[in-house]
Amino acid sequence: MSTLKDAKIGSTVKVVKLNGEGAIKRRIMDMGITRGVEIYIRKVAPLGDPIEITVRGYELSLRKADAEMIEIEG
């Protein structure tokens, strides 16, 4: 299964599963990233960290470590 870290710039993907535990998983969910939501990959920084995404109509930046915890399809 691919993760958000592997998604290509300009693509829209759907969240299948959130990995991780406790505070980290809660923080990701508090940002609006939950199962079934669509995420648009806007930009990736030159060195690959962070990743800029659009989710639920607002823009976020995620670290690669957090993006690896989000399994996607599409």
From CD1 (Ile9) to CD1 (Ile51), nearest 0.5 Å = 9.0 Å
remark   = To the nearest 0.5 Å, atom CD1 of Ile28 lies from atom CG of Leu4 at 9.5 Å
query = Got a sec, which hydrophobics cluster with Met1, joining ILVMFWY side chains under 4.5 Å apart, including via others?
reply = Val16
inquiry  = Using 0.5 Å steps for rounding, measure from the CG atom of Asp49 to the CG atom of Asp66.
reply    = 9.0 Å
key: Selection residues 3-14 - residue pairs positive for salt bridge (Lys or Arg N to Asp or Glu O under 4.0 Å), sequence neighbours left out   = Lys5-Glu68
request  = Tell me, yes or no, whether the heavy-atom count around Arg26 atom CZ, taken from other residues, nucleotides or ligands under 6.0 Å, exceeds 12.
outcome  = no
Enumerate, atom names and distances included, each donor-acceptor pair closer than 3.5 Å involving a side-chain atom of residues 30-48, sequence neighbours excluded.
from, atom 1, to, atom 2, distance (Å)
Thr34, OG1, Arg56, NH2, 2.6
Arg42, NH1, Glu52, OE2, 2.3
Arg42, NH1, Glu59, OE1, 3.4

message = Using 0.5 Å steps for rounding, measure from the CD1 atom of Ile53 to the OG1 atom of Thr12.
response = 11.5 Å
message = Measuring from atom CG of Leu18 to atom CE of Met69, what distance do you get when rounded to the nearest 0.5 angstrom?
response = 10.0 Å
